[in-house]
S.K.: 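First the structure, which I've put down as structure tokens, then a few questions once you've had a look.
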Amino acid sequence: MKIATWNVNSLKVRQQHVTDWLETSQTDVLCLQELKLPDEKFPRAELEAKGYRSWFAGQKTYNGVGILVREGLVVDETSIVRNIPGFEDPQQRVIAATIEGVRIISAYFPNGQAPGTEKFAYKLRWLDALHDWISGELAQHPKLALLGDYNIAPEDRDVHDPKAWEGQNLVSPEERAQFVRLVELGLVDAFRKFEHPEKTFTWWDYRMLAFRRNAGLRIDHILLSNALAGSCTSCDVDRVPRKWDQPSDHAPVIAEIG
DNA sequence: ATGGCCTTAGTTTAAGGA
């Protein structure tokens, strides 16, 4: 089963990219972030026509997450969870579903703006809540995958210019400690199971010709429970859609499991 | 050089992203 994550920065603008990429990548389960549309505007029928069912938690203008599932895969309809249970939040950042017996979670972690700001404090609170929820989810679902835009570059090798970024949002010690705490629940960074060229990133700023200069960060991740990590045979970033016209600033990350 | 670009809302500039 091929599972993937992609922050599309507006599904309305990127709908054609998504359907084109699903076709070329042969992805079975695609987790989306930054839909930027309310549920009534979600292109459910159009995706269905392309062979994918969808579950989503949208909102106007900001955030919004979804999971697209290839026709024929078994989805437990009673398993759908939106948002982090017990964490009151109008921002739609999480949706979970059990697909073919695998707990799949699509998550859009808060950006955080900058250390010291209210948005950064919200990011840390959100990460605390996510940690505690995932801990319980792992107990119930040994086969679990947490996919999404983490808005955290876990290590300096995930940053094009670690000196320039030192201590800043997305790389700060507090955020990296939270990433480690998640991993310590019994999760594996699928990407790091395999060899990759140095400076493999998932996001590049629209400005400053950042993509052409490969001035990026690796902030989109697929974390697998130990039970799943053993059966993971690949995990790669697909930079190709970042070269298309009117691209998202993120590239999809795809892993093959089971 | 503290900006640069893109999306949304909505109508003209501002907020948010990362």
Side-chain angles (χ1 to χ4, degrees), chain A residues 5-18 21 31-43 56-66 89-94 106-127 130 147-179 191 199-221 237 239 241-253:
Chain A
T5 180
W6 195 5
N7 178 327
V8 290
N9 184 19
S10 168
L11 181 56
K12 183 186 168 194
V13 176
R14 237 65 70 187
Q15 190 176 326
Q16 187 68 46
H17 284 198
V18 168
W21 189 73
C31 295
L32 297 174
Q33 298 87 37
E34 285 211 88
L35 305 177
K36 293 189 171 179
L37 44 77
D39 286 350
E40 60 270 23
K41 295 256 179 75
F42 192 97
F56 43 86
Q59 71 180 86
K60 201 175 165 184
T61 314
Y62 302 118
N63 310 311
V65 288
D89 192 354
Q91 303 185 33
Q92 303 300 307
R93 297 184 173 279
V94 170
S106 176
Y108 175 45
F109 291 39
N111 171 286
Q113 195 171 56
T117 63
E118 176 50 43
K119 289 198 175 106
F120 192 80
Y122 162 71
K123 183 178 195 172
L124 296 182
R125 282 200 308 278
W126 189 93
L127 284 161
L130 180 76
L147 307 90
D149 175 0
Y150 283 58
N151 271 318
I152 301 173
E155 300 177 50
D156 277 354
R157 60 180 166 158
D158 301 313
V159 180
H160 68 96
D161 186 348
K163 268 274 190 320
W165 277 84
E166 194 175 358
Q168 295 204 49
N169 193 43
L170 313 183
V171 310
S172 74
E174 297 99 309
E175 293 162 82
R176 286 178 168 177
Q178 288 280 16
F179 186 89
F191 181 82
K199 298 186 181 297
T200 299
F201 304 126
T202 67
W203 170 84
W204 303 262
D205 201 309
Y206 283 123
R207 299 165 291 186
M208 304 175 288
L209 307 170
F211 184 65
R212 253 171 50 183
R213 296 188 295 117
N214 195 31
L217 304 174
R218 191 176 72 94
I219 53 177
D220 301 85
H221 308 295
V237 179
R239 296 164 50 100
R242 189 63 175 78
K243 302 171 188 170
W244 293 345
D245 281 346
Q246 254 198 307
S248 167
D249 43 357
H250 295 254
V253 184

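Computed from a predicted structure; not experimentally measured. Lettering follows sequence order; numbering is per chain, from 1.
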S.K.: For A:N151, which contact category applies under a 4.0 Å heavy-atom criterion: base, sugar-phosphate, or nothing?
M.R.: sugar-phosphate
S.K.: List in chain and number order the residues that pass side-chain hydrogen bond (donor to acceptor under 3.5 Å, both in side chains) with A:R176, two or more places apart in sequence or in another chain; answer none if no residue qualifies.
M.R.: A:D156
S.K.: Under 4.0 Å, heavy atoms only, any strand: does A:Q168 hit a base, just the sugar-phosphate, or nothing?
M.R.: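 A:Q168: no heavy atom of the nucleic acid under 4.0 Å.
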S.K.: Below 3.5 Å between N/O atoms, which protein atoms pair up with nucleotides 3-7 of chain B? Just atom names and distances, please.
M.R.:
residue	atom	partner	partner atom	Å
B:dT7	OP1	A:R14	NH1	3.0
B:dT7	OP1	A:R14	NH2	3.4
B:dT7	O3'	A:S10	OG	3.4

S.K.: For A:E40, is there an ion pair with A:K60 - N to carboxylate O distance below 4.0 angstrom?
M.R.: no
S.K.: Using a heavy-atom cut-off of under 4.0 Å over every strand shown, decide if A:N7 touches base, sugar-phosphate, or nothing.
M.R.: sugar-phosphate
S.K.: Find the distance A:L35:CG to B:dG17:P and express it as a whole number of Å.
M.R.: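 For the pair A:L35 CG and B:dG17 P, the rounded distance is 15 Å.
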S.K.: Using heavy atoms and a sub-4.0 Å distance, could you list which residues of residues 106-121 of chain A are near DNA chain B? By number, please.
M.R.: A:Y108, A:N111, A:K119
S.K.: Give a yes or no answer on whether the side chain of A:T5 reaches the backbone of A:V253 with a donor-acceptor pair at less than 3.5 Å.
M.R.: no
S.K.: Provide the distance between the two P atoms, one in B:dG4 and one in B:dA14, to the nearest whole Å.
M.R.: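 It works out to 13 Å between them.
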S.K.: Could you label the plane-to-plane angle of the A:Y150 and A:H221 rings as parallel, tilted or perpendicular, counting under 30° as parallel and over 60° as perpendicular?
M.R.: perpendicular
S.K.: Take a 6.0 Å sphere around CD of A:E166 and say whether it holds more than 12 heavy atoms from other residues, nucleotides or ligands.
M.R.: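 At most 12 heavy atoms, drawn from other residues, nucleotides or ligands, come within 6.0 Å of this atom.
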S.K.: Could you state the CH2-P distance from A:W204 to B:dG17, rounded to the nearest angstrom?
M.R.: 20 Å
S.K.: What distance, rounded to whole Å, do you find between the two C1' atoms, one in B:dG3 and one in B:dA18?
M.R.: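 These two C1' atoms come out 15 Å apart once rounded.
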S.K.: Between C1' on B:dG17 and OH on A:Y150, what's the gap in Å once rounded to a whole number?
M.R.: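 One finds 20 Å between C1' of B:dG17 and OH of A:Y150, rounded.
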S.K.: Just checking, is any N or O donor in the side chain of A:N9 or A:K36 under 3.5 Å from an acceptor N or O on the other one?
M.R.: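 The answer is yes; a qualifying pair exists.
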S.K.: At 4.0 Å (heavy atoms only), tell me whether A:L209 reaches a base, stays on the sugar-phosphate, or touches nothing.
M.R.: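 Nothing, no heavy atom under 4.0 Å.
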S.K.: Using heavy atoms to find the nearest nucleotide of DNA chain B for A:D149 and A:L11 separately, return the residue whose nucleotide is more 5′.
M.R.: A:L11
S.K.: Residues two or more places apart in sequence or in another chain: which of them pass ring pair (Phe, Tyr, Trp, His ring centres under 6.0 Å) with A:F120?
M.R.: none
S.K.: Do any side-chain nitrogens or oxygens of A:H250 fall under 4.0 Å of OP1 or OP2 in B:dG17?
M.R.: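 The answer is no; no side-chain N or O of A:H250 sits under 4.0 Å from OP1 or OP2.
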S.K.: Could you tell me if the side chain of A:D149 sits less than 4.5 Å from the side chain of A:F109, heavy atoms only?
M.R.: no
S.K.: Hey, can you pull the residues of residues 56-66 of chain A with a non-hydrogen atom under 4.0 angstrom from DNA chain B?
M.R.: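 Within residues 56-66 of chain A, the residues near DNA chain B are A:K60, A:T61, A:Y62.
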S.K.: Check the angle between the aromatic planes of A:W203 and A:W165 and answer parallel, tilted or perpendicular using the 30° and 60° thresholds.
M.R.: perpendicular
S.K.: Do A:D220 and A:N7 get their side chains close enough for a donor-acceptor pair, meaning under 3.5 Å?
M.R.: no
S.K.: Which residue pairs satisfy the salt bridge (charged side-chain N to carboxylate O under 4.0 Å, His left out) criterion with at least one member in residues 242-252 of chain A, sequence neighbours excluded?
M.R.: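 Every pair satisfying salt bridge (charged side-chain N to carboxylate O under 4.0 Å, His left out) with a residue in residues 242-252 of chain A: there are none.
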